[in-house]
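Data first, discussion second: the structure below is written as structure tokens.
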2 protein chains.
Amino acid sequence: MTTRLSDVAARAGVSVKTVSNVINDYPHITSQTRAKVEAAIAALDYRPNVSARSLRKGRSDFIALAIPEMASPYFAELGAAISRAAKKRGITVLIDQTEGESAAEKLVLDGMRGQLIDGIIFSPITTAPTKIDSAGTAKPLLLLGERPAAGTFDHVAVDSVKASFDATTHLISIGRRRIAAIGVGGGAGTGAVRRKGYRKALKAAGLPHDPALELAGTGYHRPDGAASMRELLALPEPPDAVFCFNDLLALGALRTLADAGLSVPDDVAVVGFDDIEDGRFHSPSLTTISPDKEWLAENAVDLLLERISGNAEAARRDLSVPYTLEIRESTAG
Amino acid sequence: MTTRLSDVAARAGVSVKTVSNVINDYPHITSQTRAKVEAAIAALDYRPNVSARSLRKGRSDFIALAIPEMASPYFAELGAAISRAAKKRGITVLIDQTEGESAAEKLVLDGMRGQLIDGIIFSPITTAPTKIDSAGTAKPLLLLGERPAAGTFDHVAVDSVKASFDATTHLISIGRRRIAAIGVGGGAGTGAVRRKGYRKALKAAGLPHDPALELAGTGYHRPDGAASMRELLALPEPPDAVFCFNDLLALGALRTLADAGLSVPDDVAVVGFDDIEDGRFHSPSLTTISPDKEWLAENAVDLLLERISGNAEAARRDLSVPYTLEIRESTAG
DNA sequence: CTGAAAGCGCTTACAG
DNA sequence: CTGAAAGCGCTTACAG
């Protein structure tokens, strides 16, 4: 059979309590006792049973990360950063792909998977903010991405309005006047918030706002960006710049521009959002909003862990992720 | 407090055994009893405690997927596919990033994390095959990626020698004669196996084998591919084609070629390996070996689950993943 | 089918 | 510091 704590205790000639104390790094243990126990653990190749521990403690040191899809580069990079941050703190991350399904998102809001996980970091996509805020989740929940300013849960995100304002203003500063937006959407999601920043920048510069230049599309992947760009090129008066609401859309748009034989940035300048590795190596390389993903990961995990260990009462917190505008070839010849 | 099984039993007016039977879908339950129990579960919003169940059953329905890095597109796509395949079978996947550290890989070979997971799908990178085969892992282990034909563990992978032969032969068939290889390595890893197929194809076509055209590089990311391509272009007699041992290397190489003002495929044709989404949308789009990732995921999960439920004695199995050569712009003008 | 009970392997008051 | 015991919430023989 598997070795248990009591086997270790027997071999070391101490009580189970003492072994438990050593494993959990409790104080008041003489170094000789500790050495004896550690020798026994090594000799028996003992490892504690996680299920038993979490059943007893009511805490598993597992958290869930619920994201739309892990194969999408931004979420893959984010997941990697969050896993790394959690591991540093002795926590394991379970990644849950919701695939944009509302049933899967509902499960997340429920609290997920019985009692195994201690808390959840959730990047919602289909569920409406009001529904999220009224959820009676069983576990501490931290939200990522665009949210209304007020809400019930802790929240970590880039200030998308400001970042989108910056991105658009950059296009204006290099002399563009017909600036399109790809990825526009309704509600309070990414597509709405980033459009707000885009429109604000046009207004601040005294540029007219042309609804024909705002493209909705069905998703946030390369094919969507490519299709939207084709629509824009078919316009009687095509744009001289495009702000894409994420890098994947921008990479799709660049593909369409290359196919059309247009030069970037001379004919059309392109800006993205996310700073995925892909865009840095693309030819031309992609100008983009670069959120500090390490910062995001560290702070999201810390905030959730604080919430897990007790102060459920503490006031809701809303952190703004630092970002920079990375100017690359797609806007700077 | 949290609702327990016994609360459900009390409310439904049945024994805990019956509730357990309903939850675990055991036979011999009348539909009325089932309905009563399900009503009680719904009314109390009961969900079973995973820790308690796995402590008792000695099985958690969790498996681990240990990969070098989840932010790398190939592994991100693979992880997504494996998560999906596992979810279909009621299994949750824990993703473990080894980051190419041998300590992390050793932990995987140990059996990982106490008793929580039931088995492991492992894509090793630093640990030597002989060391892997001699590992006394505590849990069923399934290996992904290049392995010597013989071994102790179940194995699922593309026949890399054959696929590399096909990729190289394709370059020969479009008239290339100085074909370089990027990503070459020693031992029994990817870099060695794919070189084998590459050399075999040259030999079969009666082409000379020039060691100067075999580039090793330090890793399998875009910057490595870009650097290797720069080396190749600096050669007195640069190549007219490159077979890159993964798509990321190929995308880096394409970037260098674009910077050098060379035309692809006219001046240099490029083939990759993996078929990540990135390469499909790149301009030019990337010709590549496309392994069937869904097939890989489904079969890896099934094989591991079979091993977990009992037949530990069954003969070791070695599955070959179907693949196709996707011919795109980088080799077809 | 049911009911009462043991036990999975821990942690944690409790009495010393 | 130690030792004996209870209990976390399940599942599963066991006797009916």
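A note on names: the letters A, B, ... follow the listed sequences, proteins ahead of strands, and every chain is numbered from 1. In this text, all values refer to a predicted model and were calculated from it rather than measured experimentally.
Rounded to an integer number of Å, the gap from CG of Asp61(B) to P of dT11(D) is 11 Å. The CZ atom of Arg53(B) sits 18 Å away from the P atom of dG9(C) (whole-angstrom rounding). Atom CZ in Arg59(B) sits roughly 14 Å away from atom P in dT11(D) (whole-Å rounding). Put simply, CZ on Arg4(A) is 14 Å from P on dT11(C), counting in whole angstrom units. Atoms CG (Leu5(B)) and P (dA4(C)) sit 15 Å apart, rounded to a whole Å. One atom, CZ of Arg56(B), and another, P of dC8(C), lie 8 Å apart when rounded to the nearest Å. Following rounding to the nearest Å, Arg34(B) (CZ) and dT2(C) (C1') show an atom-to-atom distance of 17 Å. Regarding Leu55(A), its CG atom lies at a distance of 12 Å from the P atom of dT11(D), rounded to whole Å.
When Watson-Crick and G-U wobble pairs are counted only if both distances are under 3.5 Å, dA4(D) pairs with no nucleotide at all. For dA13(C), there is no paired base (Watson-Crick or G-U wobble, both distances below 3.5 Å).
Here Asp154(B) pairs with Arg307(B) in a salt bridge; the nearest charged N to carboxylate O distance falls below 4.0 Å. A salt bridge between Arg89(B) and Asp302(B) is present, with a side-chain N of the basic residue lying under 4.0 Å from a carboxylate O of the acidic one.
Taking every heavy atom of both residues into account, Leu305(B) and Arg59(B) meet most closely at CD2-NH2, 4.3 Å. Between Asp292(A) and Val321(A), the shortest heavy-atom contact is O-CG1, 3.6 Å. Here the closest heavy-atom approach between residue Pro68(A) and residue Thr98(A) is recorded as CA-OG1, 3.4 Å.
A side-chain donor-acceptor contact under 3.5 Å links Ser54(B) and Ser51(A). Judged by distance alone, the side chains of Glu69(B) and His221(B) do bring a donor and an acceptor atom under 3.5 Å apart.
Phosphate proximity of dT11(C) to Ser20(A): present, with a side-chain N or O under 4.0 Å from OP1 or OP2.
For the segment residues 11-18 of chain B, the set of residues with a heavy atom within less than 4.0 Å of an atom of DNA chain C comprises Val14(B), Ser15(B), Thr18(B), in numerical order.
Judged by closest nucleotide on DNA chain C, Thr33(B) is the one of Thr33(B) and Ala52(B) placed further toward the 5' end.
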